[in-house]
Trainee: 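Have a look at this one before I ask anything.
Whatever order the structure lists ligands and atoms in, that order sets their numbers, starting from 1. What you see is a predicted model, and the numbers here were worked out from it, not measured in a lab.
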Amino acid sequence: MTKVIHKINQEVYSEDTCLIPTMGSLHKGHTTLFEQAKATPHAKIIVSIFVNRKQFNDKKDFDNYPIDIDNDIKLLEKVNVDYIFIPDESYIYPNKKILDVSSGAIGMQYEGKYREGHFDGVLTVVNRLFELINPSAAIFGRKDAQQLFLIKEMVNQFKKNIKIYEGKLIRETSGLAMSSRNLLLSDEAKKNASNIYKILLNTKNFYQNSKSISKSVSHGKTLFEKMEISYDYLDIVDVNSFRTPDKNTEKLLLITAGYVENIRLIDNLEI
Ligand code: PAF
């Protein structure tokens with residue numbers, strides 16, 4: 001039986017839980033995370049739904065963020081998670097001082113460069129959720145690769161005993177990475193948005209033939225320009241440091257953020 005809770009009691013705090021933090025407007029990409037959570041050895045699954053004002057640098061973006069709590073609850077009951085945690089803002093951010101986490105230098109690049117303070121807000125809320133819930137594990141999707149990297153760094157830095165699982169990146173059949181923001185796109189825009197994935201695939205292919213990071217990055221940017229899709233960045237980073245790859249790099253990640261109908265879409269591909 002799924003329970004909807006608004007506060008964490010001692011029972012939930014002391015259980016062996018796997019947490020999936022979300023901002024709601026759940027879609028198939030999330031469902032995969034819930035299924036993945038059920039396959040972990042943890043006794044209970046808890047899904048939080050909280051649209052975190054602190055991670056939006058643009059008030060309009062926060063105000064427009066899609067919310068559909070009734071639908072989310074229905075979906076979570078169907079998947080049969082144990083708890084749906086829907087806190088009030090005053091419970092997450094009470095008047096008493098809570099720790100403001102800084103995302104450091106990496107948090108100011110890529111997503112952080114274009115969304116100032118975004119990752120400080122993400123890490124602050126995730127740390128707060130960890131403190132309130134005391135989970136044994138948590139799952140974060142690979143689509144938000146920089147977020148996943150920074151959360152793992154925070155867990156290491158704060159020496160938290162929480163296992164971080166990586167959730168799969170799920171795509172529509174068109175290749176468009178699933179995201180709650182896709183709900184804001186028209187059908188026409190969705191078609192156009194799938195070109196972002198095509199650009200990643202083409203750039204990956206270019207890299208595999210050229211083995212040149214700089215040429216592949218320029219190639220990818222040219223494709224954005226040819227397709228008349230505006231973008232904030234396209235780059236290749238070391239997946240384990242989120243920095244420019246060097247001779248010790250084992251895995252490369254191609255990352256990008258583009259705009260379709262003024263909706264900001266991020267995507268990435270291992271190359
Ligand atoms: O990825 C998200 O949906 C959010 O950034 C998260 C992790 C739930 C924190 O608000």
Trainee: For ligand 1, which atoms sit closer than 4.0 Å to a heavy atom of Val125?
Mentor: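 With Val125 as reference, the close atoms of ligand 1 come out as 9 (C), 10 (O).
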Trainee: Suppose I only count heavy atoms of Gln147 and a 4.0 Å limit; which atoms of ligand 1 are within that range?
Mentor: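 This gives 1 (O), 2 (C), 4 (C), 5 (O), 7 (C) as the contact atoms.
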Trainee: N/O of Thr22 under 3.5 Å from N/O of ligand 1, yes or no?
Mentor: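 Between Thr22 and ligand 1 (N or O atoms, distance only) the closest approach is not under 3.5 Å.
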Trainee: What class does the angle between the rings of Tyr110 and Phe242 fall in, given that below 30° is parallel, 30 to 60° is tilted and above 60° is perpendicular?
Mentor: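 Answer is perpendicular, since the angle exceeds 60°.
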Trainee: I need the nearest protein heavy-atom contact for atom 3 (O) of ligand 1: residue, atom name and distance, please.
Mentor: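 Heavy-atom neighbour on the protein nearest atom 3 (O) of ligand 1: Met23 CG, 3.8 Å.
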Trainee: With a 4.0 Å cut-off on N to O distance, would you call Lys97 and Asp100 a salt bridge?
Mentor: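 So Lys97 pairs with Asp100 through a salt bridge.
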Trainee: Testing Asn161, Asp16, Thr40 one by one against Ser136 for a side chain to side chain donor-acceptor pair (under 3.5 Å), which residue passes?
Mentor: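 Of all the options given, the one that passes is Asp16.
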Trainee: I need the single residue from Lys198, Lys204, Arg171 that forms a salt bridge (charged side-chain N to carboxylate O under 4.0 Å, His left out) with Asp267. Which is it?
Mentor: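 Filter result, single survivor: Arg171.
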Trainee: With heavy-atom distances below 4.0 Å as the criterion, list the atoms of ligand 1 near Gln55.
Mentor: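 Counting atoms of ligand 1 from 1, those under 4.0 Å from Gln55 are 4 (C), 5 (O), 9 (C), 10 (O).
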Trainee: Go through ligand 1 atom by atom and flag the ones less than 4.0 Å from a non-hydrogen atom of Pro21.
Mentor: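 Close to Pro21: 8 (C).
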Trainee: Using the test ring pair (Phe, Tyr, Trp, His ring centres under 6.0 Å), find all partners of Phe50 that sit at least two apart in sequence or belong to another chain.
Mentor: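 For Phe50 there are no ring pair (Phe, Tyr, Trp, His ring centres under 6.0 Å) partners, ignoring immediate neighbours.
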